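Keep in mind the model is a prediction, meaning the values are calculated, not measured. Each ligand, and each atom within it, is numbered from 1 in the order the structure gives. Below, each value reflects all heavy atoms present in this structure, side chains not excepted, and no hydrogens, waters or symmetry copies.
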Amino acid sequence: MLIERIWAANELRNYQYLIAAESSGEALAIDPLDAAAVLARAKERGWTITQILNTHEHLDHTAGNAGVVAATGARVMAHAAGAARIGGVDRALQGGDIIQVGRDLSFRCLDTPGHTMAHICLYAEGDAPLLFSGDTLFNAGVGNCRGGGDPVSLYQTCSGILARLPPATRVHPGHDYLRRNLEFTLDLEPGNAAARSLHQRTAGTAPEAMPVLTLAEELAINTFFRLGQAELVENLRRKQPALGSNDAKSVFLALRELRNSW
Ligand SMILES: [Zn+2]
Ligand SMILES: [Zn+2]
């Protein structure tokens with residue numbers, strides 16, 4: 001499998017992706033924002049974009065659809081519940097659907113509500129599992145719920161679906177928020193050595209060169225997967241005195257609330 005990560009160089013720090021089948025050069029574009037940049041990268045690699053996946057309906061993940069379709073005739077795919085808002089969707093997706101790229105590659109659609117209620121993550125299993133997680137899971141963080149989402153659904157998605165994927169799964173998020181999110185982790189867990197070392201290691205790293213992390217690494221640095229950590233809960237309670245019990249769901253919701261204004 002060939003993967004290109006394309007930095008959009010915008011204020012929202014979007015990542016767009018191309019995934020191509022080695023045998024045929026057929027490519028899937030994920031969340032195209034800057035159509036010209038996505039088309040240029042495909043051309044450079046000699047790939048033909050035949051499909052587009054929007055992980056969800058927000059404009060920073062769909063704005064490049066029209067330009068890519070005009071140049072390539074690619075088929076647009078998105079969650080069935082977001083298709084009407086996106087417009088021009090050729091294939092409405094549900095959880096469990098399979099997306100085939102060329103003859104070699106196949107991905108499973110995971111229905112992952114929370115950031116919005118029409119969000120798909122794309123998962124490839126096998127020896128080197130990988131996940132395109134859109135705005136559901138970021139490096140060291142998760143998406144907010146202010147653009148049509150729901151924090152309880154996000155908790156269920158993260159704990160019930162994403163945390164259970166194989167630890168070796170490589171995570172490809174929709175934005176580069178790694179360093180800012182690590183600072184959030186360190187504010188709550190100053191003793192988190194993995195987060196501290198990654199924060200030091202990525203100082204001065206360009207967004208194009210940020211490391212791709214595995215789910216195992218996420219479990220060590222992402223507060224939203226570390227809901228039982230005593231240091232985290234203690235510091236969270238100081239900042240969010242309204243936190244009731246220490247159960248995982250309450251901690252997740254208080255973290256999401258705190259992160260909104262952090
Ligand atoms: Zn979004
Ligand atoms: Zn986004």
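Geometry note: the Zn ion (ligand 2) is the vertex, Asp135 OD2 and His61 NE2 are the arms, and the angle is 90° (rounded to 10 degrees). Angle ND1(His58) to the Zn ion (ligand 1) to NE2(His56), rounded to 10°: 100°.
Tyr155 places no side-chain N or O within donor-acceptor distance of the main-chain N or O of Ala248, the cut-off being under 3.5 Å. At distances below 3.5 Å, at least one donor-acceptor pair connects side-chain atoms of His79 with backbone N or O atoms of Ala81.
A donor-acceptor contact closer than 3.5 angstrom links the side chains of Asp247 and Ser250.
Within Asp60, the N, O or S atom lying nearest to the Zn ion (ligand 2) carries the name OD2.
Tested against Asp187 for a salt bridge (charged side-chain N to carboxylate O under 4.0 Å, His left out), the candidates Arg259, Arg238, Arg196, Lys239 yield a single pass: Lys239.
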